[in-house]
There are 4 protein chains.
Amino acid sequence: MVREQLRAIARRERILEAALAVFARRGYRDAAMDEIAVEAETSKGGLYFHFPNKQSLFFTLLDRMADLLMSRAEQAVAAERDPARQIDAALAVVLRTFSSHRSLARLFLVDALGAGPEAHLKLMEIHRRFADLIACHLEAAIAAGALPPLDTRLASMAWFGAINEVVTNWVLAGEPERLEDAYPQLRVFLRRSVGLPESPEDA
Amino acid sequence: MVREQLRAIARRERILEAALAVFARRGYRDAAMDEIAVEAETSKGGLYFHFPNKQSLFFTLLDRMADLLMSRAEQAVAAERDPARQIDAALAVVLRTFSSHRSLARLFLVDALGAGPEAHLKLMEIHRRFADLIACHLEAAIAAGALPPLDTRLASMAWFGAINEVVTNWVLAGEPERLEDAYPQLRVFLRRSVGLPESPEDA
Amino acid sequence: MVREQLRAIARRERILEAALAVFARRGYRDAAMDEIAVEAETSKGGLYFHFPNKQSLFFTLLDRMADLLMSRAEQAVAAERDPARQIDAALAVVLRTFSSHRSLARLFLVDALGAGPEAHLKLMEIHRRFADLIACHLEAAIAAGALPPLDTRLASMAWFGAINEVVTNWVLAGEPERLEDAYPQLRVFLRRSVGLPESPEDA
Amino acid sequence: MVREQLRAIARRERILEAALAVFARRGYRDAAMDEIAVEAETSKGGLYFHFPNKQSLFFTLLDRMADLLMSRAEQAVAAERDPARQIDAALAVVLRTFSSHRSLARLFLVDALGAGPEAHLKLMEIHRRFADLIACHLEAAIAAGALPPLDTRLASMAWFGAINEVVTNWVLAGEPERLEDAYPQLRVFLRRSVGLPESPEDA
DNA sequence: GATGAATGAGCTTTCATTCAT
DNA sequence: TATGAATGAAAGCTCATTCAT
């Protein structure tokens, strides 16, 4: 029965991959459960065995993306000692992650807003998680004297918004061609905005 | 026959108001033409007499909001001489405008992304208009020596994103209670981000 | 007030022409009163002043086509003395008339069947008129001894059907390129079918 | 699961029967999918599970009627050796088949022309199939010396038209009361039209 | 006479979800 | 577990017709 459990997990995984592909192709509303089932090489009933409804499928993907981003950012931060460098590392890893998962970025930043009111709540919660992460490190940097005191709540939100807009523009308008190319300027912008000196080093 | 034209225009206006209300209540996709018709005290046929389809109704509202914001911001800017103050004035008026048109803000910043691919294009075009406005004034400020040189393209995008996120948070999470309360901190954030000194004066 | 009457008649005529064009372009069901109004350079109200509804517009056109065909056929018949030649003349004129009014032919033979049950009645009545005309001349020919006795009721119906099919094929499939090219063979077919010798002369 | 498939096929059949009834009752355009669903004791969704759209439902019925007629006619022909008798047999079976499927006859000869341009193409193709069948046997009869040479292309078309008109008249005007009553006269007409002697025997 | 804004019943089609097998 | 036939509530949109001006 362990084998069966493994098979079930594998099927679940295949469904999630298929869902991601279809959501990315069509957007949340225009993605049909039928198409996801076909893409996952299973039946509609199979989908509903593993997920109670379309929304939960979508939310699972959102959570995955959030977890992926959060853990990568935390890893990058943990690898640095200097608060200022931590920020650079986090920004770099976030841009790199979005850059190599354009579909997920689109889902995360664009389609999620079209998935109805519950999705809005979910999304704001995710925004909050990121903002809290940023705020937490800003506060640490302030405590360490690396930063002047400031409203970390608003700053983190504004940071998130700034990054969000740059990535969204890349997703929808294709500019810049490589998302990572926005890194140097965005880094300068964010550092300045909280009063960090523009150190010459780079990630 | 002039009276008839006036009545038709009034009806068109009533439809737009109703559409705004229903879009704000339900989001773009879940807003039914039926409901808009009822809200406008018209028939469905009446809707389609004045607007060829649901999307055009939505886009008309988007354009209105964009025009409203743009013209108010430009007015505010024109009323000031000092580049630094111009920026403050524009930010203040944008926040004030969103603050008093919460439904339109929601439409503009949240629902528009859920209205399908064509809406994305439209929206990116609007984002561009605003970013261009910001960039234009940043460049003027740089030319006037009030600002150090910087990548105005990215800065304006990041500014737009930062403001966007703060307003979105207010729309969806209700924080801060009064959107204008975010002004002082946001002002500091934006000024710092482009290297403007935090002057003590306020709009 | 005579001038006004003339103007009204002219307008009515313009509407009929427009209706013919639109019906021919779209078929009865897909022809919109709106489009007819535009084509007639008048308003929808104008249409309804001159015709009580869409169907009457259509029926008027049908009657016109029927009258046109009937009178031309009768003229052609009247110009000949010999019963056998009368038949040739009628056939020739019918083919010639359809040939130069393809839109009307289409309306008459194809679209009319898609215009609902009342149209079916109307159409059968028209078929009957033609069949009666044919039957009447067949009987005269029999009485004159030019033809052996036969069931003129069925023969006329079958003649009408045969001609109908040839014309319909020309309308829908474009074969033969020139409808008149079907005349010689069709003439032979029809003459034989009632026992007329294939005389060498032609109309 | 075999039982399920059987049930599905039965349901499909029930839908086709219902569609036939409703199309015959209302004509193609005025037949509502709603009404077909009710008649088939199914849901509208069920209809669309088995047929992608209204037109395909209609076309399936058309093809059935065409196949039914063709195969019966071919059987009847195969059962006779003498070319002249083959023709009689085919005519008899066609009239008999229409006679016992009045609804299908109506669909086939009347409504199909009102079902839009695609239906016209489909219909002309079916006409062509029948005309080809007729032409083929006429040619065989000519080759066998049973018939003088003639334009089989036109003759077959005219035959089809003649039969068509007689049947249509029966469908729409109810004359003659029993369609088979038209057989003797129609037989004489068709035989004569291609130069066959009126043999005394009958099917 | 003429206009065109307004009506509203009606249409086909979609799709998340259920459930007997 | 898995299947896929079946459901049914909506949805967007059309268009013949009416009627106040």
Side-chain angles (χ1 to χ4, degrees), chain A residues 4-5 7-8 11 29-38 41-55 57, chain B residues 1-5 7-12 15 29-37 40-55 57, chain C residues 1 4-5 7-8 11-12 29-38 41-55 57, chain D residues 1-5 7-12 15 29-37 40-55 57:
Chain A
E4 286 189 356
Q5 281 181 3
R7 260 194 24 188
R11 162 89 30 130
R29 299 308 273 257
D30 292 335
M33 291 298 267
D34 261 312
E35 194 174 351
I36 296 174
V38 169
E41 290 173 282
T42 186
S43 66
K44 252 198 292 195
L47 257 50
Y48 281 90
F49 179 79
H50 289 284
F51 298 90
N53 51 42
K54 188 180 177 181
Q55 202 178 57
L57 205 42
Chain B
M1 53 185 98
V2 169
R3 295 200 77 146
E4 280 197 352
Q5 282 181 359
R7 263 194 25 179
I9 291 174
R11 168 73 49 115
R12 215 186 112 98
I15 290 172
R29 301 302 275 258
D30 291 335
M33 292 300 266
D34 266 308
E35 193 176 352
I36 296 175
E41 292 172 282
T42 311
S43 63
K44 237 191 308 189
L47 255 51
Y48 282 92
F49 181 79
H50 288 285
F51 297 90
N53 50 43
K54 189 180 176 182
Q55 202 179 57
L57 203 44
Chain C
M1 54 186 97
E4 285 189 357
Q5 280 180 3
R7 259 194 24 185
R11 161 91 28 132
R12 216 186 111 96
R29 300 307 275 257
D30 292 336
M33 293 296 267
D34 261 311
E35 193 174 351
I36 297 175
V38 168
E41 290 173 282
T42 185
S43 66
K44 252 197 294 193
L47 257 50
Y48 281 90
F49 179 78
H50 289 285
F51 298 90
N53 51 42
K54 187 180 176 181
Q55 201 178 56
L57 203 43
Chain D
M1 52 185 99
V2 169
R3 296 200 77 144
E4 280 197 353
Q5 280 181 1
R7 264 193 27 181
I9 290 174
R11 168 75 46 115
R12 216 187 112 97
I15 289 172
R29 302 303 275 257
D30 291 334
M33 292 299 265
D34 264 310
E35 195 175 349
I36 296 176
E41 292 172 281
T42 311
S43 63
K44 244 193 298 193
L47 257 50
Y48 281 91
F49 181 79
H50 288 285
F51 297 91
N53 51 43
K54 189 180 176 180
Q55 201 179 58
L57 203 43

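All chains are named by letter (A, B, ...) in the order of the sequence lines, taking the proteins before the strands, and each is independently numbered beginning at 1.
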Legend entry - Side chains of Glu35(B) and Asp30(B) in contact at under 4.5 Å (non-hydrogen atoms): no
Inset, instruction - Would you mind reporting whether Leu57(D) and Met33(D) have side-chain heavy atoms less than 4.5 Å apart? - result: yes
Given [N], is OP1 or OP2 found less than 4.0 Å from the side-chain N or O atoms of [X]?
{"X": "Ser43(B)", "N": "dG8(E)", "result": "no"}
{"X": "Arg11(C)", "N": "dT3(E)", "result": "yes"}
{"X": "His50(A)", "N": "dA2(F)", "result": "yes"}
{"X": "Thr42(A)", "N": "dT3(F)", "result": "yes"}

Inset, instruction - For dT21(F) versus dG1(E), give the span between their P atoms, rounded off to a whole number of Å. - result: 22 Å
Inset, instruction - Measure from the side-chain heavy atoms of Phe49(A) and tell me the nearest of dA2(F), dT21(E), dT7(E). - result: dA2(F)
Inset, instruction - Could you tell me the separation between the CD1 atom of Ile36(B) and the CD1 atom of Ile15(B), rounded to the nearest 0.5 Å? - result: 9.5 Å
Inset, instruction - Indicate, with a heavy-atom threshold strictly under 4.0 Å, whether Ala37(C) touches base, sugar-phosphate, or nothing. - result: nothing
Legend entry - dT21(E) - base-pair partner by Watson-Crick or wobble geometry, distances under 3.5 Å: dA2(F)
Inset, instruction - Identify the nucleotide, in any strand shown, that forms a Watson-Crick or G-U wobble pair with dT14(F), with both distances under 3.5 Å; if there is none, say none. - result: dA9(E)
Legend entry - Length of the line joining Gln5(B):CD and dA6(E):P, which is rounded to integer Å: 12 Å
Inset, instruction - Can you check each nucleotide of nucleotides 11-16 of chain F against protein heavy atoms at under 4.0 Å and return B for base, S for sugar-phosphate only, - for none, in 5' to 3' order? - result: SBBBBS
